[in-house]
Amino acid sequence: MAWSRAQFLVRGLAFLKQTERMTRFDKQSSENRYNPSELEPEWQKRWEQLGLNRTPEPSAKRSENFFALSMFPYPSGNLHMGHVRNYVITDVIARQQRLKGKKVLHPMGWDAFGLPAENAANERGVDPADWTIQNIEQMRVQLKKLGLSIDWEREISTCNPSFYKWTQWLFLQFFAAGLAYQKEANVNWDPIDKTVLANEQVNSEGRSWRSGALVEKRKLKQWFLRITDFADDLLTDLDGLNGWPERVCTMQANWIGRSRGAQFSFKLEQAERDLNEPDLNLDVFTTRPDTIYGVTYVVLAPEHPLVAKLTTKQQQESVKSFQEEVAAKSELERMAEDQDKNGVALGGTVIHPLTGKIIPVWIADYVLPDYGTGAVMGVPAHDKRDYSFAKKYNLAIQNVILKAGNDANHDPNQAFTELGILENSENFNGLEGEQAKQAIISKAEEEGFGIGKTTYRLRDWLISRQRYWGCPIPVVHCNICGVVPVPVEKLPVKLPKRGEPVASIPCPTCGRDAKPETDTMDTFMCSSWYYLRYTDTENQDLPFAKQTASKWLPVDQYVGGVEHAILHLLYSRFFTKALAKKDLISFNEPFKHLLTQGMVQAITFRNPKTEKYIAPTEVLDISNPLDPGDGTLLDVYYEKMSKSKYNGVDPGVVIDKYGADTARMFILFKAPPEKDLEWDDADVEGQFRFLQRIWRLCQSAKDRNSRIQLNLNNAFGELNAKNKDIRRAVHTAIKAISEDLSGEELQFNTAISELMKLCNTLTTHLEEANENVAGEAIAALLILLAPFAPHLADELWMQLGGVDSVHQQKWPIEDEKALITDTITIILQINGKVRDNLHVAPDIDADTLKKLALESDASKKWLEGAEPKRIIVVPGKLINLVS
RNA sequence: GCCCGUGUAAUCCAACGGCAGAGAUAAGCGACUUAAAAUCGCUCCAGUGCGGGUUCGAAUCCCGCCACGGGCACCA
């Protein structure tokens with residue numbers, strides 16, 4: 001779709017002219033023109049006065065309450081389109097649930113701690129607290145312009161001591177339960193943001209999710225939460241999350257990364273240990289216990305603690321230099337795909353637990369220190385990595401698995417990695433696959449050299465951050481007592497003013513001066529439980545009361561970006577499970593239904609030579625986009641809105657121009673919510689035009705000779721065909737929209753298209769409707785519209801004399817009788833091809849239909865006199881004659 | 001390499017296994033107008049990424065590919 005520059009200008013001018021005229025006109029008669037900029041603020045004020053968005057007392061029956069939640073924003077100070085999409089989706093759901101009679105909790109808050117605020121504040125030389133509070137003020141104003149039905153009395157901010165007191169309280173609960181602990185570990189260090197990061201916050205390229213910096217490994221003592229205790233629950237409970245998109249569940253499952261297998265112990269040969277020492281074991285983890293007879297060597301990570309013990313004198317030099325070489329490599333280099341595998345023999349040996357053979361021990365860069373046991377049994381015949389390693393260093397290769405169901409053995413020039421039948425495995429020969437694995441694990445358990453074991457890729461969650469602007473970790477370091485938690489009654493441990501020296505405080509145990517912890521918590525700690533606080537924001541004694549929380553939670557509908565598939569959504573699930581275990585809550589999954597909305601994208605132009613983005617306003621002809629500088633033909637993409645790509649659209653500008661209702665309608669209509677959405681100014685205008693059509697329709701309804709009553713319960717009596725048609729259109733729309741909003745898939749786009757259809761029908765035919773039918777039709781239209789375009793719907797509701805606010809009405813229920821037609825159309829197929837339509841009574845029986853079909857001209861023509869062998873009748877739909 | 005998603009008109013998107021089109025955008029034509037805008041009406045445009053299969057009937061289900069997007073990945 002290509003616009004010339006001229007077209008852009010013409011459109012822009014046309015719009016200007018129109019708005020000018022509109023404003024002038026509206027001063028005389030605001031009733032006859034749709035003027036959102038005038039009417040929207042008025043309605044927002046009125047709803048506030050009426051308290052329509054306040055959270056009602058929850059019902060004792062959980063099913064009568066509805067918790068609609070958007071992922072709360074980080075207060076950057078600027079609302080962007082992604083926010084708009086997120087909150088509008090949740091708002092439609094909240095508004096519709098209210099109309100359906102539910103008690104709705106629809107709150108908003110601020111994920112206010114974190115690096116960006118601190119960085120931004122540092123750049124500007126202001127206090128992060130001031131900066132953040134100012135941003136919140138600004139964004140609240142912007143958000144309110146969207147007409148969201150948010151209960152602002154429950155607003156929370158994670159940087160407020162009244163909130164973070166409870167984050168600290170929860171930390172202490174975790175600490176008391178042994179779920180929070182300190183350990184020295186190799187952690188991810190972000191050199192740009194100068195802090196450590198959790199594994200989840202480093203992408204697969206080894207970069208920080210926020211700063212984009214390549215992370216470094218550093219050995220540091222840090223705070224962790226024992227999320228791995230819940231690894232299995234977190235994985236298996238994914239099966240019960242039917243309201244979640246499958247891909248999010250898959251991503252979490254991948255991340256948790258469960259592997260079932262076995263751990264085997266290889267005894268160190270006596271030569272490698274002091275004879276006075278007890279036996280030393282080298283433990284390996286494998287998912288293929290069935291290949292144990294194929295072990296021809298064992299490999300350790302270079303960092304493995306037994307390396308020194310297993311290194312012989314002759315090998316000391318080369319081992320040491322290899323270790324240094326590996327240590328010098330970045331994580332990324334070491335992990336790079338298809339990397340040549342390098343290693344060094346230690347000289348030491350271990351004993352195969354089953355065959356008693358002497359097995360050489362190596363170290364190699366392809367073995368990771370922190371997965372499994374940091375040691376691998378080398379089975380080159382049946383593992384690709386082991387194979388290439390064995391080939392490179394001339395290690396023995398022992399086949400122990402035969403391809404099942406086939407005499408021919410596998411290609412000897414590569415590892416055979418599938419399950420198969422065991423050979424060269426003593427008593428286990430002939431066993432197959434899983435059975436063989438089990439048999440060998442049993443044997444190991446009997447003889448005590450091994451055990452069936454499951455390992456996870458998931459690591460404990462590193463929560464300390466070496467940053468100022470975060471929730472203080474409520475512990476002190478005492479020279480005598482060590483790490484001491486701050487007692488609950490001393491909470492909150494307040495964040496000192498920026499730049500203030502950290503004063504020592506008395507140790508809770510011994511009373512001597514102690515140093516408060518200066519690291520702060522990962523902001524994901526705050527977001528892991530904020531949704532609980534919304535249910536009980538005034539509680540002074542607890543973060544939330546169990547009873548109160550259980551009236552609203554788990555969240556009925558959660559909406560947010562898919563970028564949190566692993567981060568926030570996994571942490572929150574972990575928190576929920578940990579809190580449930582402590583009996584602080586009565587459920588073990590936080591979010592029943594999850595909608596991950598797609599990105600808001602807009603057109604971008606990039607010069608393929610310079611790789612620079614060109615602003616769309618600089619491009620003269622979009623059908624032939626050229627760089628105004630060097631005339632190069634530009635690449636055209638749709639990409640996420642961003643400043644650096646010059647493709648951002650400011651929601652404020654759109655609202656000023658067209659109103660919030662148009663912005664809402666456009667965003668909901670343009671694409672299904674979970675798909676990416678391409679911003680298009682022309683489509684925005686299209687939505688504006690649609691709202692104007694509704695406006696005009698209602699103006700003409702108002703001007704009718706016979707006064708209509710907005711009422712869903714009008715009495716109708718016997719109606720003529722026209723009136724029946726109108727009622728059918730109305731109730732078809734009610735049914736379709738109700739379904740679009742209630743299924744597992746929320747389909748706002750098709751719901752809006754139903755509204756358009758209804759509007760079109762009523763525009764043409766409302767004149768012909770009697771006043772009761774017209775009253776029902778308009779009432780239904782406005783109530784159906786209310787969740788989407790709340791201001792316009794309420795304005796028209798009022799203009800037409802509706803009772804109360806449109807948002808206080810009942811969601812309509814379709815009248816099945818109104819949907820019935822006098823005749824229905826049956827598709828007549830001959831041999832699967834559509835040949836005719838039959839117009840018949842809706843309750844026609846199959847035999848009559850068959851008779852009708854056989855008598856039709858079409859069947860005579862296409863069957864050519866042949867008797868059909870088969871007749872398929874789909875009631876109410878079609879009949880297929882097969883010859 | 002493994003896993004998930006998507007692929008329909010110029011564009012964005014619809015179609016419980018049953019007439020490929022609900023809705024919109026763009027384009028074109030017409031009506032209204034002195035004219036333009038707005039408005040209203042009409043028209044144009046795909047056989048559903050490719051190849052097989054199941055079925056009376058496939059965009060939809062199955063198998064094998066391709067393209068794009070995403071997740072995991074030397075994870076033992």
Side-chain angles (χ1 to χ4, degrees), chain A residues 1-3 7 10 13-15 17-18 21-22 203-204 245-259 261 284-288 291 299 334-341 364-368 370-379 383-386 388-389 455-457 562-563 565-566 598 638 666 669-672 674-678 680-687 689-690 692-693 696 736 739 747 749-757 759-760 763-764 825-837 868-872 874 877-883:
Chain A
M1 169 238 20
W3 281 5
Q7 278 172 304
V10 167
L13 283 174
F15 182 78
K17 269 199 281 180
Q18 184 198 333
R21 227 187 10 246
M22 244 170 59
N203 68 16
S204 56
E246 199 186 311
R247 68 181 179 133
V248 174
C249 295
T250 312
M251 282 161 74
Q252 292 209 353
N254 276 342
W255 185 260
I256 295 165
R258 178 165 69 189
S259 311
V284 298
F285 173 74
T286 179
T287 54
R288 292 296 302 275
T291 62
V299 208
R334 187 164 162 188
M335 291 299 165
E337 204 184 343
D338 294 332
Q339 175 111 357
D340 205 21
K341 290 159 188 52
D365 53 4
Y366 77 95
V367 179
L368 305 172
D370 50 2
Y371 182 79
T373 59
V376 182
M377 59 185 213
V379 186
D383 182 278
K384 265 172 73 177
R385 294 153 301 183
D386 296 344
S388 63
F389 190 73
T455 56
Y456 299 88
R457 222 185 62 91
V562 75
E563 66 273 17
I566 294 172
Y638 272 91
F666 164 77
F669 178 70
K670 178 72 179 174
E674 61 286 343
K675 283 185 74 169
D676 289 345
L677 177 155
E678 294 173 4
D680 182 350
D681 290 322
D683 281 323
V684 178
E685 291 205 39
Q687 283 306 314
R689 286 202 293 264
F690 170 55
Q692 285 177 301
R693 281 204 295 279
R696 284 197 301 270
E739 282 170 4
Q747 301 191 62
N749 52 335
T750 50
I752 290 174
S753 86
E754 289 295 330
L755 283 171
M756 291 170 166
K757 221 166 36 166
C759 176
N760 291 343
T763 303
T764 342
T825 306
I826 300 283
I827 302 153
L828 173 59
Q829 293 187 342
I830 316 280
N831 292 322
K833 294 213 163 64
V834 178
R835 297 303 185 190
D836 201 2
N837 287 336
K869 285 198 204 104
R870 239 182 115 176
I871 301 179
I872 288 124
V874 181
K877 284 245 168 104
L878 100 169
I879 178 161
N880 188 8
L881 309 179
V882 186
S883 63

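It should be emphasised that the depicted structure is a prediction, and the values quoted were computed from it without experimental measurement. Lettering follows sequence order; numbering is per chain, from 1.
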*Assign A/Q747 to base, sugar-phosphate, or nothing according to its heavy-atom contacts below 4.0 angstrom with the strands shown.*
sugar-phosphate

*Of all the nucleotides listed (B/A73, B/C12, B/U25), which has the minimum atom distance to the side chain of A/D680?*
B/U25

*With the side chain of A/M251 defined as its heavy atoms from C-beta on, choose the nearest nucleotide among B/G71, B/A22, B/A76.*
B/G71

*Between the side-chain atoms of A/K341 and the base atoms of B/C74, is any donor-acceptor pair under 3.5 Å?*
yes

*Of the candidate nucleotides B/C13, B/A22, B/U25, which contains the atom at the shortest distance from the side chain of A/K757?*
B/A22

*Taking the side chain of A/E678 as its heavy atoms from C-beta onward, which of B/A24, B/G18, B/C12 lies nearest to it?*
B/C12

_Counting only side-chain heavy atoms from C-beta out, which of B/C13, B/G18, B/C75 sits nearest to A/N749?_
B/C13

*Quick one: which of B/A76, B/C12, B/C72 gets closest to the side chain of A/I566?*
B/C72

_Restricting to ring pair (Phe, Tyr, Trp, His ring centres under 6.0 Å), what partner residues turn up for A/F285, sequence neighbours left out?_
none

*asked:* On a heavy-atom basis, which atom in A/T287 and which in A/S259 lie closest, and how many Å separate them?
replied: CG2-CB, 3.7 Å

*Anti/syn call for B/G47, syn if |chi| within 90°*: syn

Give each protein N/O atom lying under 3.5 Å from an N/O atom of nucleotides 56-59 of chain B, with the pair distance.
unit_1	atom_1	unit_2	atom_2	d
B/C56	OP1	A/R870	NH1	2.4
B/C56	O2	A/N880	ND2	2.1

*Map every base of RNA chain B to its dot-bracket character, where paired means a Watson-Crick or G-U wobble contact with both distances under 3.5 Å and | marks a partner outside the strand.*
(((((((..((((....[..).))).(((((.......))))).....(((((..]....))))))))))))....

*asked:* Side chain of A/L878, heavy atoms from C-beta onward: which of B/C13, B/A22, B/G18 has the nearest atom to it?
replied: B/G18

*Considering only B/C72, B/G71, B/A14, which nucleotide approaches the side chain of A/W255 most closely?*
B/C72

*Do you see a donor-acceptor pair shorter than 3.5 Å between the side chains of A/S388 and A/Y366?*
no

*Given B/C75, B/A22, B/C40, which nucleotide is nearest the side-chain atoms of A/Y371?*
B/C75

*asked:* Treating A/D676 as the side-chain partner and A/G598 as the backbone partner, does any N or O pair qualify as donor plus acceptor under 3.5 Å?
replied: no

_A/D370 or A/P672, whichever maps to the more 5' nucleotide of RNA chain B_ = A/P672

*asked:* Once you apply a heavy-atom cut-off of 4.0 Å, does A/G686 come out as touching a base, just sugar-phosphate, or nothing?
replied: sugar-phosphate

*asked:* From C-beta outward on A/R457, which listed nucleotide comes closest to its side chain: B/A14, B/C75, B/A76?
replied: B/C75

*Expected output: side-chain A/R258 to main-chain A/Y456 donor-acceptor under 3.5 Å*: no

_For A/D386 and A/F669, find the nucleotide of RNA chain B closest to each by heavy atoms; which residue's nucleotide sits nearer the 5' end?_
A/F669

